[in-house]
Peer 1: 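Pasting a structure here, questions to come.
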Amino acid sequence: MTKTITISPVTRIEGHAKITIALQPNGDVAETRFHVNEFRGFEKFTEGRLMWEMPGITSRICGICPASHLVTSAKAGDDILAVEVPETAEKLRRMLTLAQWLQSHALSFFHLSSPDFLLGFDSDPATRNVFGLIGHDKELALKGIRLRKFGQEVIEILGGRKIHTPWTVPGGVRDPLTAENRDRMLAWIPEARQTVGIALETIKKVHAKYKNEITEFGNFRSLFVGLVSKDGALEYYDGFLRIMDGNGNTIADKLDPKKFEEYFGEAVESWSWLKFPYFKQFGYPDGMYRVGPLARVNICDFIETPEAEEERKVFKKLSGNVGVVNNSFYYHYARCIEMLFAVEKIEQLLNDPAILGTTIRSQASINRTEGVGFCEAPRGVLFHRYKVNKDGVIQQANLIIATAQNNIAMNRTVHQIAAHFIDGKKGKITEGMLNRVEAGIRCYDPCLSCSTHALGQMPLHVELFDANGSLLDSVTRS
Amino acid sequence: MTIEDLRELAEKERDRQSQFTHRILYCSSAGCVSSGCDAVKESLKKTLDETGLSKKCEMVGTGCLGLCGEGPLVLVLPDPTLYQHVDAETARRIVVEHVAEGKKVVDHALDLNSPFFSSQKKIVLENMGRINAESIEEYIAADGYEALGRALTELQPEEVIAEIRKSGLRGRGGAGYPTGLKWDIVRKGKSDQKYVVCNADEGDPGAFMDRSVLEGDPHRVLEGMAIAGYAVGASQGYIYVRAEYPLAIDRLRLAIKQAEKLGLLGNRILESQFNFRIDLRIGAGAFVCGEETALLRSVMGRRGRPRPRPPYPSEKGLWDKPTLINNVETFANICPIINNGGEWFAGIGTPKSAGTKVFALAGNIRNTGLVEVPMGIPLRKIIFDIGGGTPEGTEFKAAQTGGPSGGCIPKEHLDLPVDYEALATVGSIMGSGGMIVMDSTASMVDVAKYFMEFCMDESCGKCIPCRVGTKHIYLLLEKIKNGEGTEEDFTLLQELCTMVKETSLCGLGQSAPNPVLSTIRFFRDEYTRLLKESPAFAANGGNGHAHAAAGKEA
Amino acid sequence: MAIVTITIDGQQLSAQDDQTLLQVAREHKIHIPTLCFLEGLSSVGACRLCMVEVEGWSKLATSCTTKPAEGMVIHTNTDRLKKYRRMIVELLASEGNHQCAVCVVNSYCELQNLAYEVGLDHVRFPYLFPHKSLDATHKDFVMDRNRCVLCTRCLRVCHEVEGAHVWDVAGRGIDCEIVADMHQPWGESDSCTSCGKCVRVCPTGALFEKGATIGEMQKERGFLKFLVTARNKREWVQQPEDND
């Protein structure tokens, strides 16, 4: 008799999802699926609105990475206006994008994932969270919270608000940066550098401690997709698409991100609201690819800031002789490297005299009826494509979200973990086993609010089904 | 033409009429037209021609004979005999049996001594069934334009107004403002130009008093307006009549043409110094244009939306000039007052509400039609004596007066005298004269919902309470009716009704909640048993549609 | 014109009898909320927010249209008035598609300010979610009927001050909407002079400048009083522009 275990909702991720694990009669894991069961429909209800409102509206998709949507949407607007953004505006937007990385990565690492590493995958779920972490290592926890605060503060200073700032607009940004505010941000840099250093130390200790998890947490070859700059550096705001395979071979390079729909298709499965993007050339599901920190650090030739570049070289050694790091557990490490890069780069940008410029917004009317914006959101590359009429009214919007692009990989990851850690023959499934399955998902730091354009909170619910779909057992964790 | 010429013309017409041994008056108002009076007319004419009686017997299309529900109606004079349900065959029999042989067609004859006729008092409707609605001569023969002639020759404008004030006449549009006082204000207004406007935008569902008067006796209204023009110092009058009354419009057009031809309208009326023109303005189907400020804007060719008062039209009306605006029935009351004196009029009805009121009886009642009763008559008498009560096997439940602006009066108030003040005490209004009778099969929640839907559709949208409030009142009523309402919804409904009533800009919004508030006041139980929390709701298995059964129990 | 003495909220005040109660109250820093009223335009008494209680009157009076009379005793902020004002704003909130968070006038909106003022923390009526159109055909401005409260300020400023009468109301009741010329796209209007007065007097984000983004459309309305005063006093006529 086949059994199905359901983990619903998955906890400590951004959004609402469940995992089902179907067991074969002999207790082995037959199939594991990551279901995203929320739906919002931003693409539909932005139809009929004005192109200029899109940054403000689409940033509402997500409370975690609004700035990424803001930048992407404004860039789609730039494209429709057919303008070049003034230098200062581009630099300010770059800074905003990095602040978004920092803020989001700090949340993922310190608040959502480190309870597993530091308290243990099998520790009491009641305290296996950021509050338990405060009890365990108050200083580390508080530093993590403050690092996130730095990211938020940059966003707040630039846009005037912590979240949903409508500061980035088609053509540029709305307000220039004052010298006083620049200095306020600069004052944060030393502390931020120190905290990122601690994060890197911590993750390296984790690597030593959880060898078993590392080998089983999404360890498979896949494509990696992300932006690189013209000269091959880690990119976050502009640049070209590079596609690398699981052996470190560059499959495609210098692809125009505006044509992403030509390269990538989207498959749909009846059991999830989240689409399954794939690289068209390889078909579905073989065109599985990963985006986000792991992909970005994997595909770039170098990182332009010195300390992060050093760290990247250390990271690369983890790949053995393959040339890319295929293990999803190392998303956490890549995330820490990116935090380091973000802090270094923000400092560089703040010290650039151009950052205080006051020519920040290009004015134009509608010059194209279609525009694409893209950037590297914390979770991976993000695209907005708008079609407008001659007056700038949205006729169609298509938003392709980082989390969705990891969908196939996330499914593969949970299956791998379930197959390794869950032993149905014993008849008893421990909470710790299930937590590992969830932790596999957390590697990708998925933001389902974004990817289905929805919001949600999630206690965990586990259900065991037999082959006929009747409920055998259920456990609820709040 | 002088007043002497006028009187001569009257004499001549009376002589003409006296040549005939019989007069057959068939109702030619919209009610009987729709029930087939054209066939009756054809048959009468054909039979008269065939029998060679057309020289002895005159056939005349007259105004509303009252018992619209039993139409087509035909009245034969002299020795008044009223026939109901007349078809072509009956019409033929009326000629060959009644006119030719003097034998009444008893199976179609109505008893003119029945309470429906004997309890009425006809002043406004006095010419209905007496004269040809399309003949000015017949109107003149019935003392028509005599009042205008006397006013112009014997009375100063102030004296006309004094007479109206003495009569105690109050506005028949529903609000009951003293007519003489209004005339006096316009008279005293200093302006090179003043206007008289007749409000014939009768829009209440089920009301057809004004239409009947305009169709049956249009000259009465023209004459009343001319007298008003003389009294207040206006030289231009407008009749604002709704486009849905094509027959009334035709008859008014004809009447104006006839009166102008005889010098009874236009310049130097009856060879006096008084000039008065009347033009028609056709409404485009907005109920709110019955509200005077909206009506005036519409007359001026602008969008029909009300404005706050003061200033009242009597100070600033059409093109900011002093403007007298009265209802059709008010103007129709002027001639008898001038002819018979204000004191005579004041003696009819009650001290505060003088004269008569025309009602259009409709709904679950045996005698539907147009009736005129003295003010102060008990409601019971109108419904049971004149109206004949509710149909067999049903019980009276409520009478709705004042249309969408009025309220429902339950049986415990049946002995209420019908006057302005008394109706207000039970949360209704006199209104323009619609009276809809409901029996025990009616659901009061449905009634309230029906009227609210009407007001919601007819709201002009200018002020927020009426525009949005009526919509939400309607939605709340619908929710309650569908058994989805809660106690909270019911409270909110009442709160919203009070707010819309007190804050709306014009009479439409201010009175729109009346049907809801009055049905809640007298039939609260019909609402509460539909609420989810009520035991009755649960007893019905949570089926909100139990209201029909609920109605029957009540 | 005569001077009369009236009492507003317990304060005895002198007023000219050709003023309105609202003017008198504002002169004496007594706050009465308004929405359709705008100094420089005619008063239509449509929003009903400025209603006050006058002792001895059976009905409430709109202070923007009521003139003071000797001995009048007026109350501007009774519990009844507060309740009704809250309900009026509540009705407006349910009527349109008002999404402050993504609106061009967020934090500069008169409707939003009214909602704060009357304490509108929730709406008890179901949102009507009407299907309203957005007209972006004008080269400089946008009309978003989702946010329109039908105050008719645009209509009045265009008719009374600019003299173009582009705007009018179409439909009735809950289906009313402001339309350009003969209900045609604004960009195709022959009468519009693109002066932008309507945009500046609009209390909400229904009218705004094209290209404005969320919370960016702050409206300056002082121009109106200046324009109307200068015109009434014929300040421009007395000193011709080309006469040094």
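The structure displayed is predicted, hence computed values, not measured ones. Lettering follows sequence order; numbering is per chain, from 1.
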Peer 1: In terms of heavy-atom proximity below 4.5 Å to chain A, should Q99(C) be classed as side chain, backbone, both, or neither?
Peer 2: neither
Peer 1: Using non-hydrogen atoms and a 4.5 Å limit, figure out which bit of D135(C) sits close to chain A: side chain, backbone, both or neither.
Peer 2: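 The answer is neither part of D135(C).
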Peer 1: Is the NZ or CZ atom of R93(A) positioned over Y237(A)'s six-membered ring, under 6.0 angstrom from the centre and within 45° of the axis?
Peer 2: no
Peer 1: May I ask you to say whether R49(A) pairs ionically with D144(C), meaning some side-chain N is under 4.0 Å from a carboxylate O?
Peer 2: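 Yes, this pair counts.
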Peer 1: Under 4.0 Å between a Lys/Arg side-chain N and an Asp/Glu carboxylate O for D445(A) and R379(A)?
Peer 2: yes
Peer 1: Only pairs of heavy atoms separated by less than 4.5 Å count here; which of K390(A), Q363(A), M51(A), R361(A) has the most with chain C?
Peer 2: R361(A)
Peer 1: Output yes when E110(C) and R221(C) qualify as a salt bridge under the 4.0 Å nitrogen-oxygen rule, no when they do not.
Peer 2: yes
